[in-house]
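Counting begins at 1 with the first residue of the sequence.
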Amino acid sequence: MVSSFFSLLFQPTCPLCQRRAAALLCENCQAQLYSYRLAQPAQAWSAACPRFIWGQYEGKLKQAIAALKYDRQPALAEWLGFELAEAWLQAFPQRPGPKPVVIPIPLHPQKLKERGFNQAELLARAFCRLTRYPLLAQGLLRVKNTAPLFDLNPQARRAMVAQSLQPGPKLEAVTQPVLLIDDIYTTGATVQEACRALSQASKTFLGLVAMASPP
């Protein structure tokens, strides 16, 4: 009786709705997150900028990403990153060629200091644990502290991120194609800048894997 009382008392709460949950997320929030999952996450993989998008950036998925980044809930990255990896492995169960090296889109050191973590890197770590792809956390460095891009038009985004990324010192040793990971894909300005930095280092860009994209 006493042990049951204490297990109920100290049962963790869901970070998205604050209800008690047997796991990280309650069943209701998990169901809502799945409702924003795309049926064909690899639909744009054959585009000029290949991308693999898990879900639509709205509703509960938008809330989860915001909670991860701004409410300092890094544990959410584990759940999201594993879901991203599972969807990837379902879409590409026997991908030919060498395993790509995974590089998260970096934060500027000042923003990293303020937030305490890079959400893209946390997603990438969970993604790599399941896919067993090698991770190069500092493959790219952000050398320009850009303002938030979400409310800018595409032209302003490109101007803001221009020359903001550069190859990291350990990128030189990479021989595999590079798979970039980020939390949100919007207009592609940041990805284009990352491709420029990879090209500067003579590295092959395989594509981008992101948790969400606006409808």
Side-chain angles (χ1 to χ4, degrees), residues 12-19 21 23-44 49 51-88 91 102-108 111-131 135 137 140 142 145-152 154 157 160-161 164 179-191 193-194 207-215:
T13 57
C14 173
L16 300 183
C17 69
Q18 308 309 313
R19 296 188 181 95
L24 173 67
L25 298 172
C26 71
E27 293 183 0
N28 181 57
C29 285
Q30 285 193 47
Q32 289 187 61
L33 283 167
Y34 287 137
S35 72
Y36 293 101
R37 181 171 53 183
L38 296 175
Q40 295 179 302
Q43 185 175 9
C49 174
R51 53 195 183 273
F52 183 93
I53 309 295
W54 189 86
Q56 290 187 355
Y57 185 61
E58 57 182 358
K60 188 62 71 171
L61 182 55
K62 183 176 181 179
Q63 181 193 351
I65 294 174
L68 164 62
K69 294 166 65 173
Y70 306 120
D71 295 340
R72 289 175 171 77
Q73 296 280 354
L76 283 167
E78 191 79 9
W79 191 95
L80 295 170
F82 266 68
E83 289 295 325
L84 191 58
E86 282 192 341
W88 171 269
V102 173
I103 296 179
I105 296 295
L107 287 181
H108 187 269
K111 193 168 291 185
L112 182 61
K113 182 179 179 181
E114 293 170 359
R115 187 169 297 169
F117 58 87
N118 176 6
Q119 70 279 354
E121 181 179 339
L122 295 183
L123 289 170
R125 289 189 181 281
F127 180 89
C128 289
R129 273 195 292 274
L130 191 57
T131 60
L135 172 68
L140 292 174
R142 191 176 289 268
N145 195 2
T146 57
L149 304 178
F150 200 80
D151 293 328
L152 301 179
R157 286 171 183 260
M160 178 68 70
V161 301
S164 64
L179 188 64
L180 297 173
I181 285 194
D182 206 358
D183 54 341
I184 307 167
Y185 173 87
T186 47
T187 63
T190 301
V191 179
E193 170 60 15
L208 170 80
V209 176
M211 200 67 223
S213 184

A.B. asks: Decide yes or no on side-chain contact (heavy atoms from CB on, under 4.5 Å) for Lys69 and Asp183, but give the supporting numbers first.
C.D. replies: CA-CA 10 Å; Lys69 294 166 65 173; Asp183 54 341; 3.1 Å; yes

A.B. asks: Please check if atom CD in Glu27 has more than 12 non-hydrogen atoms from other residues, nucleotides or ligands closer than 6.0 Å.
C.D. replies: no

A.B. asks: For Ala126 and Ala77, work out which heavy atoms get closest and say how close.
C.D. replies: CB-O, 3.8 Å

A.B. asks: Within a strict 4.5 Å, meaning less than it, do heavy atoms of the Asn145 and Lys111 side chains meet?
C.D. replies: yes

A.B. asks: For Leu135 and Pro104, work out which heavy atoms get closest and say how close.
C.D. replies: CD1-CD, 4.0 Å

A.B. asks: Phe82 and Arg129: which non-hydrogen atoms are nearest, and at how many Å?
C.D. replies: CE1-NE, 4.2 Å

A.B. asks: Check whether any side-chain heavy atom of Ile105 sits under 4.5 Å from a side-chain heavy atom of Arg142, and report yes or no.
C.D. replies: yes

A.B. asks: How many angstroms lie between atom CD of Gln30 and atom OG of Ser35, to the nearest 0.5 angstrom?
C.D. replies: 12.0 Å

A.B. asks: Given the rule in the ring pair (Phe, Tyr, Trp, His ring centres under 6.0 Å) test, do Tyr34 and Trp79 qualify, once you have shown the distances and angles that lead to the verdict?
C.D. replies: CA-CA 12 Å; Tyr34 287 137; Trp79 191 95; 5.6 Å; yes

A.B. asks: If you round to the nearest 0.5 Å, how far is CG of Leu33 from CH2 of Trp54?
C.D. replies: 6.0 Å

A.B. asks: Look at atom CZ of Arg19 and say whether more than 12 heavy atoms of other residues, nucleotides or ligands are closer to it than 6.0 Å.
C.D. replies: no

A.B. asks: Got a second to check how far Ile103's CD1 is from Asp182's CG, nearest 0.5 Å?
C.D. replies: 13.0 Å

A.B. asks: Over 60° means perpendicular and under 30° means parallel, so classify the ring planes of Trp88 and Phe52, tilted if in between.
C.D. replies: perpendicular

A.B. asks: Which heavy atom in Leu84 sits nearest to a heavy atom in Ala210, and how many Å separate them?
C.D. replies: CD1-O, 3.6 Å

A.B. asks: With rounding to the nearest 0.5 Å, note down the distance linking CD in Gln73 to CG in Leu16.
C.D. replies: 8.0 Å

A.B. asks: Working to the nearest 0.5 angstrom, can you tell me the gap between Arg72 CZ and Arg115 CZ?
C.D. replies: 8.0 Å

A.B. asks: For the side chain to side chain contact (heavy atoms under 4.5 Å, CB included) test, which of Val102, Leu122, Leu208 pairs with Ile181?
C.D. replies: Val102

A.B. asks: Would one find more than 12 heavy atoms of other residues, nucleotides or ligands at under 6.0 Å from atom CD of Gln43?
C.D. replies: no

A.B. asks: Out of the candidates Asp71, Leu68, Leu25, only one should pair with Pro15 under the side chain to side chain contact (heavy atoms under 4.5 Å, CB included) rule; please name it.
C.D. replies: Leu25

A.B. asks: Does Gln119 reach the side chain of Leu80, with side-chain heavy atoms less than 4.5 Å apart?
C.D. replies: no

A.B. asks: What is the minimum heavy-atom distance between Val209 and Phe127, and which atoms define it?
C.D. replies: CG1-CE1, 4.2 Å

A.B. asks: State the CD-SG distance between Gln63 and Cys17, to the nearest 0.5 angstrom.
C.D. replies: 8.5 Å

A.B. asks: Quick one: are Ile65 and Met211 in side-chain contact, heavy atoms under 4.5 Å?
C.D. replies: yes

A.B. asks: With a 4.5 Å limit on heavy-atom distance, are the side chains of Thr186 and Ile184 in contact?
C.D. replies: yes

A.B. asks: Within the distance-only criterion (no hydrogens, no angle test), does the side chain of Thr131 pair as donor or acceptor with the backbone N or O of Ala85 below 3.5 angstrom?
C.D. replies: no

A.B. asks: Kindly give the heavy-atom pair with the smallest separation between Leu76 and Ala64, and that separation in Å.
C.D. replies: CD1-O, 3.6 Å

